[in-house]
Amino acid sequence: MTVSADWHDFATMIGGASGALTGLLFVAVSLNASRIAGHAGLRASAGQTLVLFITPLIIAAAVLTPHQPDWVLGAELMAIGLVAGWVLLANHRVKRELADEDLRLISIFNHPVPNVLFMLLVMASGAILAAGQGAGLYLLFPASIVVFISGVLNAWFFLLPPPSGRTSITHEPSSRQHPDSQADEGGLG
């Protein structure tokens, strides 16, 4: 089989980007762990983003596996697309059942279209490849673009500050203490 040899550089790049983005996601979640832990919507979005970033890594591993027939790689891609799509759609169902406050927090990212598009592209890529057409791998490019953009937008959400009502509560006490502390220090000196 020559298909995966032709796609070696692409799969290496996608796998590397996927691994790096997954690591950055863990950093973003760690930095905002208390905020995310307190909201089911943010936890669901974190899970969705993790699936979006890990799936291209699994796809890259399948493409880079040596000496497998095209039909086997095609079957692997169809299975990966099906499982990832199932997990993403199940996660979307969880998000739909959230309380109003949690829904407001994630409403901008609560759209299944990118997830379904990604799943369909990966599954179509696998089906075309399994049918003996190496050109099916060309669908992995738009699938990768869709998944990385969707995942990066979800991850970006973790880095945004809490809604304005929560920001003022969190920052006011430390702001009040700091000027008072300086006033006390100034009075002592």
Side-chain angles (χ1 to χ4, degrees), residues 1-30 36 41-96 106 108-159:
M1 176 182 110
T2 59
V3 171
S4 64
D6 296 339
W7 286 84
H8 180 273
D9 292 342
F10 176 78
T12 301
M13 187 268 306
I14 292 298
S18 177
L21 288 170
T22 300
L24 290 172
L25 174 65
F26 277 99
V27 170
V29 169
S30 296
I36 293 169
L42 293 179
R43 288 191 307 271
S45 291
Q48 174 183 358
T49 306
L50 180 62
V51 171
L52 290 171
F53 286 161
I54 290 281
T55 304
L57 183 61
I58 297 168
I59 290 170
V63 171
L64 291 172
T65 301
H67 309 297
Q68 63 179 335
D70 288 351
W71 72 268
V72 172
L73 177 57
E76 291 169 352
L77 291 175
M78 288 188 290
I80 292 167
L82 188 61
V83 170
W86 178 76
V87 171
L88 290 169
L89 291 176
N91 192 36
H92 179 71
R93 283 187 206 105
V94 168
K95 287 180 174 184
R96 284 193 326 215
I106 62 165
I108 193 167
F109 303 111
N110 199 23
H111 300 287
V113 173
N115 299 335
V116 170
L117 180 60
F118 168 68
M119 174 190 67
L120 291 176
L121 285 169
V122 173
M123 290 182 64
S125 173
I128 293 168
L129 187 60
Q133 301 296 317
L137 287 177
Y138 283 100
L139 293 177
L140 292 180
F141 173 70
S144 299
I145 298 298
V146 168
V147 78
F148 284 146
I149 288 173
S150 182
V152 166
L153 289 175
N154 273 334
W156 179 257
F157 183 68
F158 298 126
L159 300 175

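The basis for the numbers below is simple: all heavy atoms, side chains too, and nothing from hydrogens, waters or symmetry mates. Position 1 is the first residue of the sequence; numbering continues from there.
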Exercise for review: Give a yes or no on whether the backbone of His8 and the side-chain of Thr12 come within a donor-acceptor separation of less than 3.5 Å.
Suggested key: yes
Revision key, fill the gap. Here the gap from Leu77 atom CG to Ile128 atom CD1, rounded to the nearest 0.5 Å, amounts to 11.0 Å
Review point. Between atom CD1 of Ile58 and atom CD1 of Ile14, what is the distance when rounded to the nearest 0.5 Å?
Key: 14.0 Å
Practice item. Identify the two heavy atoms, one from Leu137 and one from Ser125, that lie closest to each other, and give their separation to 0.1 Å. Key: CA-OG, 3.7 Å
Practice item. Side-chain contact test, heavy atoms from C-beta onward, threshold under 4.5 Å: evaluate it for Val51 versus Gln48 and give yes or no. Key: no
Review point. Leu57: what forms a side chain to side chain contact (heavy atoms under 4.5 Å, CB included) with it, not counting sequence neighbours?
Key: Ser18
**Study point:** Full working for side chain to side chain contact (heavy atoms under 4.5 Å, CB included) between Glu76 and Ile59
**Key:** CA-CA 8 Å; Glu76 291 169 352; Ile59 290 170; over 6 Å; no
**Study point:** Pairwise distance CE(Met119) to CG(Leu89) - rounded to 0.5 angstrom
**Key:** 5.5 Å
Practice item. Starting at OG1 of Thr22, measure out to CD1 of Ile54 and round the result to the nearest 0.5 Å. Key: 4.0 Å
Check your understanding: Which heavy atom of Ala143 sits nearest a heavy atom of Phe118, and at what distance?
Key -> O-CD1, 3.4 Å
Check your understanding: Should the ring pair Phe148 and Phe53 be called parallel, tilted or perpendicular, given that the plane angle runs from 0 to 90° and is split at 30 and 60?
Key -> tilted
**Study point:** Trp7-Phe141 aromatic ring centre distance below 6.0 Å
**Key:** no
Check your understanding: What pair of heavy atoms forms the shortest contact from Gly151 to Thr49, and how long is it?
Key -> O-CG2, 3.4 Å
Check your understanding: Are side-chain heavy atoms of Leu50 and Val29 found at a separation under 4.5 Å?
Key -> no
Revision key, fill the gap. Minimal heavy-atom distance between Gly134 and Leu129, with the atoms involved, is CA-CD1, 3.7 Å
